[in-house]
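Below you'll find the structure, written out as structure tokens, and then a few comments.
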Amino acid sequence: MRIAVYGSGGREHALVAAFVEHGHEVVAFPGNPGIAKLAKLSQGPFEEIEADLFVVGPEAPLVEGLADLLRGQGKLVVGPGRDGARLEGSKAWMKEVLASANIPTARFRTFSDAESAVEYLGSYEGPYVVKTDGLAAGKGVLVTSRRDEAVRDVVEKLSGEAFGAAGKTVVIEEAMEGPELSLLVLCDGNKGKALSPAQDFKRIYDGDQGPNTGGMGAFSPVPEANQELVDQIMREAIDPLIEEFKRRGIDYRGILYAGLMLTSMGPKVVEFNIRFGDPETQVVVPRVKNDLAQILMEVASGELRTEPEFISEAMVTVVMAAEGYPLSPKMGAVIIGAEDFKRDGVQIFHAGTKRAESGALVVSGGRVLNVTAKGRDIEAARRLAYDSLSQIAFDNMQYRKDIALRASQLETMLSKSGEV
Ligand code: AMP
Ligand code: GLY
């Protein structure tokens, strides 16, 4: 089939690669230099592309109603309409929906005036979690044990200084503890089917230090997330959410991304996103054995039947980010070694890259490349990813050295004890 893909990041590059591998033809808008090697690039408008299936990568166009526009023209679309997209477009609304569906999540309050927000922060010992209500590209969340820092953050967000209109309402919530898990679920409006779990690394520096980013790396599968846990998350978080949508008349056809924390009280929802995760997609999608385009066609038609199946090998992706990311990424550095990189089991997905007039590949975004490797276990995939990364360079690049490290140690321990 012919598939139109909206987006220009590593997530879209991974989707396009999977579609092309199964013999489909892809037109991407606007795409990137990596995608250009696999697909036609379109200048847009997206809705004028001729295709059998429309897949929208990022959240912003969905929140703005792109899927409604396409469906209005009779097209088959993977991605919710404006109604379901509010789940990511407004954290306050998401929390309200979760509460009415009785889905386990952190206790929370919402505020739009600084005085009562600051007073509330003074009423408990922390740690404090402060979030912008609106979209902030994964960077609108502060987790801190320092009250003065939380107060400063609340004031900056509510004044509109830090995030403009997206920050004019804040959610302050209870801090949760435990390993995080990303579960991408295919949803056809009536039911959900989970893809294999992944784990993302949100902070910029090793050891989960520094500010939050869009994600600095990911791996799949996750040793502590067995089928039993996935079933529990489906039962306690996903199925009730889909039922709640149906009660509200929302026909949600697309990806439901559950960001979870595995707390001592069981899995709790940190957030829901309305799209494939980035960089989770880069490690989850290459592990799907089936023809993903065919499954997504079922999602878009409201008739999801095919059970997704996964290869047993592990995937690890490491994000190479620009100097200054996430606060003020610097553009323009020339990238060496990425374009003709070829090695069995390794894929280099492009994110913030562009072709300069000189023909060189240069940095054009905060997250630049995703070095993605497959191995018989997490340790092997991890080793291959880092070894490959060492052959690619640009000025003052940043990357984390501990992606999937703890998981590979856990995996070794579990296999020694005979559990996997
Ligand atoms: P979000 O954009 O809501 O996914 O938050 C980004 C990151 O902030 C999450 O992946 C967590 O690492 C952290 N975070 C968010 N909410 C909480 C919470 N209630 N307790 C602890 N950490 C949190
Ligand atoms: N990796 C986090 C996200 O896609 O929101």
Side-chain angles (χ1 to χ4, degrees), residues 7 9-12 14-15 56-60 62-63 87-95 98 104-110 124 126-145 150 153 157 163 166-167 170-185 195 197-205 207-220 255-265 267-285 317-319 321 326 349 351 366-367 370 400 403:
R11 161 183 53 207
E12 289 78 19
L15 287 167
V56 182
E59 61 280 10
L62 293 169
V63 171
L87 197 63
E88 183 166 357
S90 165
K91 289 207 195 282
W93 188 75
M94 171 195 64
K95 288 300 238 180
L98 261 57
T105 186
R107 282 191 306 274
F108 71 103
R109 298 267 305 266
T110 55
Y124 66 105
Y128 308 95
V129 181
V130 181
K131 303 185 174 186
T132 56
D133 176 51
L135 294 182
K139 296 162 211 147
V141 177
L142 175 77
V143 183
T144 178
S145 50
D153 190 61
K157 279 174 178 157
F163 291 96
V170 296
V171 172
I172 299 182
E173 66 179 36
E174 167 202 5
M176 300 184 287
E177 262 183 70
E180 290 188 50
L181 191 72
S182 303
L183 192 67
L184 305 179
V185 178
L195 297 178
Q199 198 170 84
D200 181 18
F201 291 74
K202 292 265 160 62
R203 306 280 192 137
I204 181 83
Y205 303 128
D208 295 330
Q209 301 297 310
N212 269 324
T213 69
M216 291 299 290
F219 64 89
S220 174
I255 309 305
L256 270 172
Y257 161 139
L260 301 137
M261 216 164 254
L262 307 178
T263 75
S264 54
M265 313 276 289
K268 287 192 181 186
V269 171
V270 177
E271 61 165 353
F272 272 110
N273 293 325
I274 56 165
R275 50 169 175 83
F276 281 104
D278 186 344
E280 290 91 330
T281 301
Q282 289 86 314
V283 290
V284 172
V285 161
T317 191
V318 182
V319 170
F349 297 125
R367 294 188 290 172
N370 312 140
R400 277 183 64 160
I403 303 299

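In each ligand, atom 1 is the first atom listed, and ligand 1 is the first ligand listed.
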Can you tell which of K131, K91, R107, E177 gets a heavy atom nearest to atom 16 (N) of ligand 1? K131
Any atom of ligand 2 sitting under 4.0 Å from a heavy atom of F276? no
Is the shortest side-chain heavy-atom distance between R11 and Q282 below 4.5 Å? yes
With Y257 via ring-ring contact (aromatic ring centres under 6.0 Å, His included) - residues at least two apart: none
Kindly identify the option in M176, K202, R203, E180 whose heavy atom sits closest to atom 21 (C) of ligand 1. M176
Against ligand 2, does R11 come closer than 4.0 Å with any heavy atom? no
So, does P279 sit close enough to ligand 2 that a heavy atom of it is under 4.0 Å from the ligand? yes
Looking at ligand 2, does G277 have a heavy atom less than 4.0 Å from it? yes
Beyond-backbone contact of P279 with R367, side-chain heavy atoms, under 4.5 angstrom: yes
Nitrogen or oxygen of G214 less than 3.5 angstrom from that of ligand 2: yes
Contact list for residues 208-220, test salt bridge (charged side-chain N to carboxylate O under 4.0 Å, His left out), sequence neighbours left out: D208-R400
Should the proximity of D200 to ligand 1, defined as any heavy atom under 4.0 Å, be assigned to the side chain, the backbone, both, or neither? neither
For ligand 2, which atoms have a heavy atom of R275 less than 4.0 angstrom away? 3 (C), 4 (O), 5 (O)
Looking only at non-hydrogen atoms, the one of E271, E174, K268, M261 nearest atom 22 (N) of ligand 1 is M261
Polar contacts were defined as any N/O atom of the residue lying under 3.5 Å from an N/O atom of the ligand; does this apply to E271 and ligand 2? no
4.5 Å side-chain heavy-atom contact, T110 and K95: no
Test your reading of the model: is there a side-chain donor-acceptor pair from T105 to the backbone of V269, 3.5 Å cut-off? yes
Hey, looking at atom 18 (C) of ligand 1, which of M94, E173, E88 has the closest heavy atom? E173
For A175, the atoms of ligand 1 under 4.0 Å from one of its heavy atoms are 20 (N)
Could you say whether the N/O atoms of K202 and ligand 2 ever approach to under 3.5 Å? no
Do V56 and R275 have side-chain heavy atoms sitting under 4.5 Å apart? no
